[in-house]
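Below is one structure, written out as structure tokens, with a few remarks after it.
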Amino acid sequence: QVQLAESGGGLVQPGGSLRLSCAASGSFSRITVMGWYRQASGKDRELVATITSDGSTNYADSVKGRFTISSGNAKRTVYLQMNRLKPEDTAVYYCNTRTVIRTYWGQGTQVTVPS
């Protein structure tokens, strides 16, 4: 019954924008960090951005200045605003939630930026 559901992915031209959303539902222990990771075809999964329960944020160097992570809905929802998208941003984006007990992953949402 614990689930993370991502939405908002799609195809956008270089320079365009997308906003990803992740809603956490079910019975969770205290959440400490929520974030976004991505995995491009043939590559390892990498961290994109995180936000702590008190609002502190962290970004990968490759997205800093272009992406913004935020949370809402009593810290059970996390968003990723992606601007000035590049072909190298093409990947499956995964929502991640860490609690004091364990971590949870969403099913992923595809973002495609054609070259």
Side-chain angles (χ1 to χ4, degrees):
Q1 61 180 355
V2 176
Q3 296 187 59
L4 303 179
E6 303 104 329
S7 63
L11 188 150
V12 64
Q13 295 299 311
S17 297
L18 285 173
R19 185 172 185 256
L20 306 184
S21 299
C22 175
S25 62
S27 181
F28 287 90
S29 299
R30 180 170 59 84
I31 294 172
T32 59
V33 185
M34 298 187 75
W36 291 93
Y37 292 71
R38 67 186 182 186
Q39 186 167 21
S41 180
K43 298 183 178 180
D44 294 332
R45 188 173 298 186
E46 64 178 357
L47 183 146
V48 176
T50 61
I51 184 166
T52 66
S53 58
D54 65 355
S56 179
T57 58
N58 186 56
Y59 298 90
D61 289 343
S62 59
V63 307
K64 194 171 297 182
R66 299 188 297 120
F67 292 8
T68 303
I69 190 170
S70 61
S71 62
N73 193 25
K75 308 295 185 180
R76 304 273 284 194
T77 306
V78 64
Y79 306 95
L80 186 69
Q81 178 66 47
M82 305 185 293
N83 298 325
R84 306 198 308 279
L85 283 160
K86 306 174 180 179
E88 47 263 50
D89 295 318
T90 295
V92 177
Y93 285 70
Y94 296 91
C95 181
N96 172 267
T97 295
R98 301 177 202 162
T99 73
V100 295
I101 301 299
R102 59 158 293 178
T103 64
Y104 301 91
W105 291 92
Q107 79 290 146
T109 185
Q110 177 72 48
V111 172
T112 301
V113 186
S115 59

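If you're wondering where the values come from, they're calculated on a predicted model, not measured in any experiment.
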Q | Closest non-hydrogen atom pair, Pro87 against Pro114 | A | CG-O, 3.9 Å

Q.
Run Arg66 and Met82 through side chain to side chain contact (heavy atoms under 4.5 Å, CB included) and show every step you take.
A. CA-CA 6 Å; Arg66 299 188 297 120; Met82 305 185 293; over 6 Å; no

Q. In terms of ring plane angle, is the pair Tyr37 and Trp105 parallel, tilted or perpendicular, where the classes change at 30° and 60°?
A. perpendicular

**Q.** Within one Ile-Leu-Val-Met-Phe-Trp-Tyr cluster: Tyr93 and Tyr79, side-chain cutoff 4.5 Å
**A.** no

Q | Worked verdict on Phe28 versus Tyr104 for side chain to side chain contact (heavy atoms under 4.5 Å, CB included) | A | CA-CA 10 Å; Phe28 287 90; Tyr104 301 91; 3.5 Å; yes

Q | Over all atoms of both residues, closest heavy-atom pair of Val78 and Cys95 | A | CG1-SG, 3.7 Å

Q: Nearest 0.5 Å please: distance from the OG atom of Ser53 over to the CE atom of Met34.
A: 11.0 Å

Q. How close do Ala24 and Leu4 get, heavy atom to heavy atom, and via which atoms?
A. CB-CD2, 3.4 Å

Q.
Is there a side-chain contact between Gln110 and Thr90 in this structure, where contact means two heavy atoms from C-beta onward sitting under 4.5 Å apart?
A. yes

Q | Separation of Arg84 CZ from Phe67 CZ (nearest 0.5 Å) | A | 9.5 Å

Q | Residue list, side-chain contact (heavy atoms from CB on, under 4.5 Å) with Gln39, at least two apart or on another chain | A | Arg45, Tyr94

Q. Quick one: do the Ser56 and Asp54 side chains pair a donor with an acceptor below 3.5 Å?
A. no

Q) Sub-3.5 Å donor-acceptor pair from the side chain of Thr32 to the main-chain atoms of Arg98, do we have one? A) yes

Q: Please answer whether the main-chain N or O of Gly9 pairs with a side-chain N or O of Thr109 as donor and acceptor at a distance below 3.5 Å.
A: yes

Q.
Do Ile31 and Leu80 sit in one hydrophobic cluster, given that two such residues count as connected whenever their side-chain heavy atoms are within less than 4.5 Å of each other, even indirectly?
A. yes

Q: Please name the pair of heavy atoms, one in Ala49 and one in Tyr59, separated by the smallest distance, quoted to 0.1 Å.
A: CB-CD2, 3.6 Å

**Q.** Residue pair Ser62 / Arg38: nearest heavy atoms and the distance that separates them
**A.** OG-NH2, 3.4 Å

**Q.** Trace of the salt bridge (Lys or Arg N to Asp or Glu O under 4.0 Å) decision for Lys86 with Asp89
**A.** CA-CA 5 Å; Lys86 306 174 180 179; Asp89 295 318; over 6 Å; no

Q | Nearest heavy-atom neighbours spanning Gly35 and Ile69 | A | CA-CD1, 4.0 Å

Q.
Tell me whether Gln81 contacts the main-chain N or O of Thr68 through its side chain, where contact means a donor paired with an acceptor under 3.5 Å.
A. no

Residues 12-23, side-chain donor-acceptor partners within the protein, below 3.5 Å, at least two apart:
residue, atom, partner, partner atom, Å
Ser17, OG, Asn83, OD1, 2.9

